[in-house]
Amino acid sequence: MRILLTNDDGINAPGLSVLEEIAKELSDDIWIAAPEEEQSGKGRAISLTHPVRTRKVGARAFAITGTPSDCVLLATHELMPEKPDLVLSGVNRGQNIAEDTSFSGTIAAAMFGMQLGIPSIALSQSQNFRERGSLPWDTARTWGAKTLRPLLDIGWPDDVVMNVNFPDVEPEDVRGVQITRQGFRDESIIHTDRREDLRGNDYYWIGYKGKLSKPDEGTDLRAIYEGYVSVSPLHVDLTHEAFLQKLKGSWQA
């Protein structure tokens, strides 16, 4: 099995090294194409207004001056001798659950792999749930391959990407794996922080508050809060089917 690894945290991110360890438990034919610099929050962006450059950093590894989607595209079309059998994206530094999934570069890379007809999985390591700075890479390292093997055995539809999140607990404290749906927080955790530079001009940092929500049973949020590995099947179709039918029935031209 030929596996392509990518991420949105950049070519030097520790999570990419963890992902490579996970991939080596599944195959010895591993390729890497990751952004030269961090691309977190870039979603499904592709580079249309400037050239994208590549830098070879290993026999089968490339740093790319573009987005996660650019990385998958260039690796598949230009850098690899043959199309990969699997795309693994991550391991992201921080969870990609609930509404985070819509702008995650980690998930976007997996979706681009799916768009190219390649089975794709996004992997993320939750952080900061126990205390500020908590980030147990050993949990992803320990639970990675044993979560992926059953998925690969079962398979999934061509229009689906698998979203795997590891909880912010030590490996021995993980309570198991739960198959979940995407949840939604009861309030937004994105916030802005206004500051002033030395010339008296305002500038802003955009980031996350660490507040927990009260998620429903069966959601990715609840699974991560309770110490389970969360596995969610996602797809690109954003149509709200229930309201679509209501709208059709109510529309009068």
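These values consider heavy atoms only, across backbone and side chains, with no hydrogens, waters or symmetry-generated copies.
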>> Could you list the cluster mates of Val87? Members are the ILVMFWY residues connected by side-chain heavy atoms closer than 4.5 Å, either directly or through other members.
In response: Leu4, Trp31, Ile46, Leu48, Val52, Phe62, Ile64, Val72, Leu73, Leu74, Leu79, Met80, Phe112, Leu116, Ile118

Exercise answer: donor-acceptor pairs, residues 230-241 side-chain atoms, under 3.5 Å, sequence neighbours excluded:
{"residue": "Ser230", "atom": "OG", "partner": "Thr180", "partner atom": "OG1", "Å": "2.7"}
{"residue": "Ser232", "atom": "OG", "partner": "Thr180", "partner atom": "O", "Å": "3.3"}
{"residue": "Ser232", "atom": "OG", "partner": "Thr180", "partner atom": "OG1", "Å": "2.6"}
{"residue": "Asp237", "atom": "OD1", "partner": "Thr239", "partner atom": "N", "Å": "2.9"}
{"residue": "Asp237", "atom": "OD1", "partner": "Thr239", "partner atom": "OG1", "Å": "2.8"}
{"residue": "His240", "atom": "ND1", "partner": "Phe243", "partner atom": "N", "Å": "3.1"}

>> Does any part of the side chain of Ile121, heavy atoms only, come nearer than 4.5 Å to the side chain of Val164, both counted from C-beta?
In response: yes

> Between Ala223 and Gln178, what is the shortest heavy-atom contact and its length?
Replying inline: CB-OE1, 3.5 Å

>> Which residue in the set Thr67, Asn96, Thr106 passes side-chain hydrogen bond (donor to acceptor under 3.5 Å, both in side chains) when paired with Asp8?
In response: Thr106

> Side chains of Asn128 and Ser134: do they bring a donor and an acceptor to under 3.5 Å?
Replying inline: no

> Other hydrophobic cluster members with Leu198, side-chain heavy atoms of Ile/Leu/Val/Met/Phe/Trp/Tyr under 4.5 Å, chained?
Replying inline: none

> Can you find a heavy atom in the side chain of Val57 that is under 4.5 Å from one in the side chain of Ile32?
Replying inline: no

> How far apart are the closest heavy atoms of Gly66 and Ser47, and which atoms are they?
Replying inline: CA-OG, 4.2 Å

> Side-chain donor-acceptor pair under 3.5 Å between Gln115 and Arg44, yes or no?
Replying inline: yes

>> Do Lys248 and Trp251 form a cation-pi contact, if we require the NZ or CZ to be under 6.0 Å from the six-membered ring centre and within 45 degrees of the ring's axis?
In response: no

>> Before you tell me yes or no, could you show the steps for Asn163 and Thr101 under side chain to side chain donor-acceptor pair (under 3.5 Å), namely the whole-Å CA-CA distance, both residues' side-chain angles and the distance that decides it to 0.1 Å?
In response: CA-CA 9 Å; Asn163 184 31; Thr101 59; over 6 Å; no

